[in-house]
Amino acid sequence: MLRRQQNGGEGSSRLSEHHAPVRIRPPRPPPTRGPIPPRSAHPPITSCSSVSDYEKLNHIEEGTYGVVFRARHRVTGEVVALKKLKMDRETNGFPITSLREIRTLMMAQHENVVRVKEVVVGETLTQIFIVFEFVEHDIKTLLTAGEVHFTLSEIKTLLHQLLSAVSLLHSQWIIHRDLKTSNLLMNNRGQLKLADFGLARLYGDPPMDDYGGMTSLVVTLWYRAPELLLGAKEYDTAIDMWSVGCIFAEFLKSEPLFTGKNESDQLYQIFSLLGRPTSSSYPPLSSLSTSSSTSKLLRSSSFSSIQPYSTLRASFPFLTSQGQDLLSRLLTYDPARRITAQQALQHPWFTEAPLGKHPDSFGSFPSWAAGERKRKGGAGGGAGTEATTDAPGGGADRRRKGAVVDGLVGSAGSTGEAMGLVTDWSALL
């Protein structure tokens, strides 16, 4: 038995000679932990509040993704905009547009971005509401209803506020993708609020293909950048800056700059004002296939007859050279050369006379969403307005003139709050 053990020992020693030595891993040092934060440092996980905490004041607007009401909190008395999400046709859970809107708004905390307060629920899983802060007007309604013609100092203030909000979004790698005057709210203190984030999404450099790429079917047609109209596969924050340029021009003209009936007509109007693009003004043109629909469109007789130079300066003769420069840099064909929001905020146009007006100096106007309208002979808000349960022309007219933000409409006012108080939510649910 002793010999076997010795032989076994010799065999094991021979095996060890033909194998690499075993490495013994050193003991892992104990984990170092910092101080544990107190419970107060974490937001409590609680259930959503009930929609019954709010009293419905009046219906404001119905959009593609929701129905919006003006409501008041029963305890605090705060007036809010209450958006009921349309869940009837939703088969894949919570709507992706609403998820993007809530997430983006929580990321983009800014004084010129509309604020989401909370999400409340009804009695069933299909009754979900988003509570937004309450804002009196949208700028589109003020312009189209002839309520206001902004002065140059007011335009500077509004545009600077818009650029501040857009600059924050872009610094957070967010593209809004639907900037237009109907998505710009304004309260009676002259403060602009950017809203409607249903199409907003994160982007990356290089593009985030993990998310399936980004569609070019974004931005309302009148505010859509030419690279999207020409079929660009990739885009970035420059599409928002083109929309800002269209909004800037709309502030100046009190009407939209481009009003195309379709994509071809929109391109024709853009080229007629800014000149037919060339390979130098828009380099991607050189890479277009001669058989592509875009190339054929640009070679058509109607497009080839357009002048190759811009007439933008002649369309805004009252604008100073610095103002002309800012507008032309916003409406630049090449997205790589288009001015950024941060650069636009530093543009000399904002520091030349007349300087921007303080927001508190803006006038107040009747809020259609609150059921207010001008009295005969009235000159504006305050004593010149009255509350009504229906704007002239009935409910359809009131919905058309309400402050629309893709179903989010804000409005307020002491006279409007007193009308149409409804505490029964059965009609809403």
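Along the sequence shown, the residues carry numbers beginning at 1.
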Separation of H170 NE2 from M241 CE (nearest 0.5 Å):
7.0 Å
Here the gap from L169 atom CG to T104 atom OG1, rounded to the nearest 0.5 Å, amounts to 8.0 Å
Could you check whether any side-chain heavy atom of Y223 comes within less than 4.5 Å of a side-chain heavy atom of I247, counting everything from C-beta outward?
yes
So V218 and L228, do their side chains get closer than 4.5 Å, heavy atoms only?
yes
Assess whether side chain to side chain donor-acceptor pair (under 3.5 Å) is satisfied between D138 and T141, documenting all intermediate values.
CA-CA 6 Å; D138 78 285; T141 300; 2.4 Å; yes
Is it true that K140 and E250 have a side-chain N and a carboxylate O under 4.0 angstrom from each other?
yes
Is there a side-chain contact between L158 and M186 (heavy atoms, below 4.5 Å)?
yes
Within the structure provided, determine whether Y203 and I174 are in side-chain contact (heavy-atom separation under 4.5 Å).
no
When you compare the side chain of V244 with that of L159, does any pair of heavy atoms fall below 4.5 Å?
yes
For the residue pair F362 and F150, does the interplanar ring angle fall in the parallel (under 30°), tilted (30 to 60°) or perpendicular (over 60°) class?
tilted
So, E227 and R338, do they make that salt bridge, N to O below 4.0 Å?
yes
Check whether any side-chain heavy atom of S254 sits under 4.5 Å from a side-chain heavy atom of H149, and report yes or no.
yes
Do side-chain atoms of K156 reach the backbone of W349 as a donor and acceptor pair under 3.5 angstrom?
yes
Could you work out, with side chain to side chain contact (heavy atoms under 4.5 Å, CB included) as the rule, every residue matching Q269, not counting sequence neighbours?
F258, T259, D265
Strictly distance-based, threshold 3.5 Å: is any side-chain N or O of D360 a donor or acceptor partner for the main-chain N or O of G190?
no
Are any side-chain N or O atoms of R224 and backbone N or O atoms of V219, one a donor and one an acceptor, separated by less than 3.5 Å?
yes
Only pairs under 3.5 Å count here: list side-chain donor-acceptor contacts from residues 317-324, not counting sequence neighbours, and write none if there are none.
| residue | atom | partner | partner atom | Å |
| --- | --- | --- | --- | --- |
| T320 | OG1 | G323 | N | 3.2 |
| T320 | OG1 | E352 | OE2 | 2.4 |
| Q324 | NE2 | R313 | O | 3.3 |
| Q324 | NE2 | F316 | O | 2.5 |

Pair K180-T220, side-chain donor/acceptor within less than 3.5 Å
yes
Compare all side-chain heavy atoms of F248 with those of L162 and state whether any distance is below 4.5 angstrom.
no
Pairs touching residues 326-345 that satisfy ring-ring contact (aromatic ring centres under 6.0 Å, His included), sequence neighbours left out
F271-Y333
The side-chain hydrogen bond (donor to acceptor under 3.5 Å, both in side chains) partner of K117 among E78, H73, E133 is E78
Ion pair E55/R70, N-O distance below 4.0 Å:
no
Pair L192-I139, side chain to side chain contact (heavy atoms under 4.5 Å, CB included): steps then yes or no
CA-CA 9 Å; L192 181 141; I139 291 180; 3.7 Å; yes
Is there side-chain contact between I239 and P335, with heavy atoms separated by less than 4.5 Å?
no
Just checking Y235 against W242, ring centres under 6.0 Å apart?
no
Tell me yes or no: between the side chains of N112 and Q161, is some donor less than 3.5 Å from an acceptor?
yes
For H347 and D325, test the side chains for any donor-to-acceptor distance below 3.5 angstrom and give the result as yes or no.
yes
Counting N and O atoms only, with roles assigned by atom type, does the side chain of S50 sit under 3.5 Å from a partner on the main chain of S52, one being a donor and the other an acceptor?
yes
Can any side-chain N or O of Q266 pair as donor or acceptor with the backbone N or O of L221 at less than 3.5 Å?
yes
Can you see whether N188 engages H137 through a side-chain donor-acceptor pair at a distance of less than 3.5 angstrom?
yes
